[in-house]
Asker: 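Mind having a look at this structure? Questions to follow.
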Amino acid sequence: MNSALDLHEEYPPPGEEDSIRQLTEIIKRGYERAYPAGASPALRGVHPKSHGCVRAHFVVDDGLPGALRHGVFREPRVYPAWVRFSSTSPRVQSDMKRDSRCMAIKLLDVQGEKVLDEEKSATTQDFLMANTDVFFARNVADYAELMSATSTGKPLSFFFSWCPPRLRLRELMNYLAVMRRPVKSPLLTRYWSQTPFRLGERAMKFSVVPRPCGAPPVEVEPGDDALKQAVARQLERGDWMFDFLVQLQTHPTRTPIEDPTIRWSEALSPFYKVATMVIPAQRLDPPGRAEFEENLSFSPWHALPAHRPLGGLNRARRAVYETISKLRHERNGARREEPTALPCVARARAAESAAGAAWMRVR
């Protein structure tokens, strides 16, 4: 990268739009092979295996400094939310096999015009994260090359080959980091955005860190669905919390926007706590929850302009996520729309009131 780059600015490389079209087509073809017309149910193209979809409360901190008070963090308040824990593996893969574990947060009752033209009036804001802080492709062209190699059953050829000679060492280390990071419970795991986003006029990354409260962490026997069991048993015993942190860009090349393989050093850019997410005690499988979860769509582009996604990988995600989400809902004959409120509020009131004490502890 050029040292003359400005902070908080994007620099799309030449040819990126062609790479986005190529990547979208590769992923779309793979999805159509996995779920041909008439096949149902069609699962998510990424993160299909669920470890639970839970109600939560996103409590924005009071007294934040002005540099952090943008978008949903502009003022102290509580947002209702849905939180989905997942893996990138197929639904049938055992949780005992190491894989990328993910968290998606969907805030509700978020007022203000949104980024996507077809969802300007939506009242949601999504935050998507994985359990590693860096990605394994520098840009869209590289990611399209990796997905092409993966579709032929030769993903490692992206990282190294003899002819032509190639070694992408940092990308390989980032890729293998997923396998070196075992997860015993989604609730005990830290997650990162990996890619940058707007925070007002500045650029940020974000992360969530578990903060146990109430019942001690549960022990779960190994098994194919051990991670979902861990979430279910923990939330049967009491509330759970995560601290939501943001990290501001401080250097154009050492904390870059266009290369998510480079870790933003906390020595250069420390994290600041801006909110607490409270997950109240609840059942993981009430009637209708599985169908509701399957119809939800998560995208980094479900966002306020103050949190607009930045960088090439995020620009590609806009096209890819929209294409696969539309295709999935068409295959399933399901309506594609953003939720407006937590359903079954009357039945949930008792559980919601249990979070009241937790709110007081974090305010």
Side-chain angles (χ1 to χ4, degrees), residues 7-8 54-84 103-116 119-129 191-193 195-211 213 239-250 264 269-280 298-310 314 338-343 345 348-349 351-363:
L7 281 171
H8 318 301
V54 298
R55 293 176 290 104
H57 308 280
F58 193 87
V59 186
V60 179
D61 288 354
D62 197 359
L64 293 177
L68 306 180
R69 294 180 59 191
H70 299 280
V72 298
F73 311 113
R74 184 178 55 193
E75 58 187 12
R77 63 159 291 182
V78 179
Y79 291 95
W82 287 105
V83 182
R84 183 176 186 264
M103 174 196 280
I105 303 171
K106 185 179 292 291
L107 304 187
L108 308 178
D109 194 28
V110 179
Q111 302 304 312
E113 192 172 87
K114 304 306 185 296
V115 170
L116 295 177
E119 295 179 0
K120 289 290 188 184
S121 60
T123 56
T124 57
Q125 166 72 50
D126 291 1
F127 295 111
L128 279 61
M129 292 162 280
Y191 302 89
W192 292 265
S193 65
T195 54
F197 295 77
R198 280 266 174 248
L199 184 61
E201 296 300 316
R202 305 184 72 172
M204 71 164 177
K205 289 187 177 181
F206 49 84
S207 175
V208 294
V209 179
R211 175 148 58 101
C213 63
D239 303 345
W240 198 259
M241 295 185 187
F242 285 89
D243 289 338
F244 192 98
L245 317 175
V246 300
Q247 182 185 32
L248 299 177
Q249 188 192 30
T250 57
W264 283 19
S269 178
F271 278 97
Y272 299 93
K273 180 179 176 295
V274 293
T276 301
M277 188 168 68
V278 181
I279 302 177
F298 291 94
S299 168
W301 288 89
H302 291 157
L304 292 164
H307 304 313
R308 185 175 66 82
L310 300 174
N314 274 333
E338 285 295 277
T340 56
L342 291 170
V345 171
R349 261 182 201 154
E352 303 295 346
S353 64
W359 295 352
M360 296 305 294
R361 290 197 297 270
V362 302
R363 292 309 294 268

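We count residues from 1, following the sequence as given. As the structure is a computational prediction, the values presented were derived from the model and not from experiment.
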Asker: Return yes if some donor-acceptor pair links the side-chain N/O of T124 with the main-chain N/O of L107 below 3.5 Å, else return no.
Answerer: no

Asker: Given 3.5 Å as the limit, does a donor-acceptor pair link the side chain of E113 with the main chain of K120, or not?
Answerer: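 Checking the backbone N and O of K120 against the side chain of E113, no donor-acceptor pair under 3.5 Å is found.
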
Asker: For R308, check side-chain hydrogen bond (donor to acceptor under 3.5 Å, both in side chains) against everything at least two apart and list the hits.
Answerer: E10

Asker: Please check this pair: side chain of H307 against backbone of V72, looking for a donor-acceptor N/O pair closer than 3.5 Å.
Answerer: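 Confirmed, H307 side chain pairs with V72 backbone.
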
Asker: Can you name the residues that form a ring pair (Phe, Tyr, Trp, His ring centres under 6.0 Å) with Y79, not counting sequence neighbours?
Answerer: none

Asker: Using a 4.5 Å cut-off on heavy atoms from C-beta on, say whether the side chain of P210 contacts that of W240.
Answerer: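 Touching, per the 4.5 Å side-chain cut-off.
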
Asker: Would you check if D61 and F244 make a side-chain contact, meaning some heavy-atom pair closer than 4.5 Å?
Answerer: no

Asker: Treating D126 as the side-chain partner and A104 as the backbone partner, does any N or O pair qualify as donor plus acceptor under 3.5 Å?
Answerer: no

Asker: Side chains of P196 and W264: does their closest heavy-atom pair fall under 4.5 Å?
Answerer: yes

Asker: Minimum heavy-atom separation for I279 to A56, with atom names?
Answerer: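 Scanning both residues completely, I find the closest heavy atoms to be CG1-CB, 4.0 Å.
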
Asker: Tell me the closest heavy-atom pair linking F298 and I105, and the distance in Å.
Answerer: CE2-C, 4.2 Å

Asker: Should L116 and W301 count as side-chain neighbours, where that means a heavy-atom distance under 4.5 Å?
Answerer: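 The answer is yes, as the side chains (C-beta and beyond) meet within the 4.5 Å cut-off.
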
Asker: So do F127 and Y191 actually touch side chain to side chain, heavy atoms under 4.5 Å?
Answerer: no

Asker: Around atom CD of E201, are there more than 12 heavy atoms of other residues, nucleotides or ligands at under 6.0 Å?
Answerer: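 12 or below, so no.
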
Asker: State, yes or no, whether a side-chain contact exists between S207 and Q247 at a heavy-atom distance under 4.5 Å.
Answerer: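 Not in contact.
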
Asker: Got a sec, which residues hit salt bridge (charged side-chain N to carboxylate O under 4.0 Å, His left out) with R84, two or more places apart in sequence or on another chain?
Answerer: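 Partners of R84 by the salt bridge (charged side-chain N to carboxylate O under 4.0 Å, His left out) criterion, ordered by chain and then number, come out as E293.
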
Asker: List in chain and number order the residues that pass side-chain hydrogen bond (donor to acceptor under 3.5 Å, both in side chains) with Q111, two or more places apart in sequence or in another chain; answer none if no residue qualifies.
Answerer: D109

Asker: With rounding to the nearest 0.5 angstrom, report the NE2 to OG1 distance, H57 to T276.
Answerer: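 Answer for the NE2-OG1 pair, H57 versus T276, is 13.0 Å.
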
Asker: Which residues pass the salt bridge (charged side-chain N to carboxylate O under 4.0 Å, His left out) test with E338, sequence neighbours left out?
Answerer: K106

Asker: Quick one: CG on L310 to NE2 on H8, what's the gap to the nearest 0.5 Å?
Answerer: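 Atom-to-atom, L310:CG and H8:NE2 are 10.5 Å apart.
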
Asker: Looking only at atom types and distance, does a side-chain atom of R69 sit under 3.5 Å from a main-chain N or O of G63, one as donor and one as acceptor?
Answerer: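 Checking the backbone N and O of G63 against the side chain of R69, no donor-acceptor pair under 3.5 Å is found.
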
Asker: Nearest 0.5 Å, please: how far is CZ in R55 from CG in L108?
Answerer: 12.0 Å

Asker: Just jot down the ring pair (Phe, Tyr, Trp, His ring centres under 6.0 Å) partners of H302, sequence neighbours excluded, or say none.
Answerer: none

Asker: Restricting to non-hydrogen atoms, name the atom on R202 and the atom on L248 that form the minimum distance, rounded to 0.1 Å.
Answerer: NH1-CD1, 3.5 Å

Asker: Is the shortest side-chain heavy-atom distance between M277 and M103 below 4.5 Å?
Answerer: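 Yes; the side chains approach each other to less than 4.5 Å.
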
Asker: Between Q249 and K205, does the side chain to side chain contact (heavy atoms under 4.5 Å, CB included) criterion hold? Intermediate values first, please.
Answerer: CA-CA 8 Å; Q249 188 192 30; K205 289 187 177 181; over 6 Å; no

Asker: About how many Å separate CZ of F73 and CG of L64, when rounded to the nearest 0.5 Å?
Answerer: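 Spacing of CG (L64) from CZ (F73) equals 8.5 Å.
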
Asker: Tell me the closest heavy-atom pair linking L304 and Q125, and the distance in Å.
Answerer: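 For L304 versus Q125, the nearest heavy atoms are N-OE1, 2.8 Å.
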
Asker: List the residues meeting side-chain hydrogen bond (donor to acceptor under 3.5 Å, both in side chains) with S269, not counting sequence neighbours, and say none if there are none.
Answerer: none

Asker: Quick one: ring pair (Phe, Tyr, Trp, His ring centres under 6.0 Å) partners of F197, sequence neighbours excluded?
Answerer: F206

Asker: Which atom names give the shortest non-hydrogen contact between R198 and P305, and what distance separates them?
Answerer: CB-O, 3.9 Å

Asker: So which heavy atom on P300 is nearest to which on P309, and how close?
Answerer: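 Residues P300 and P309, closest heavy atoms: O-CG, 3.1 Å.
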
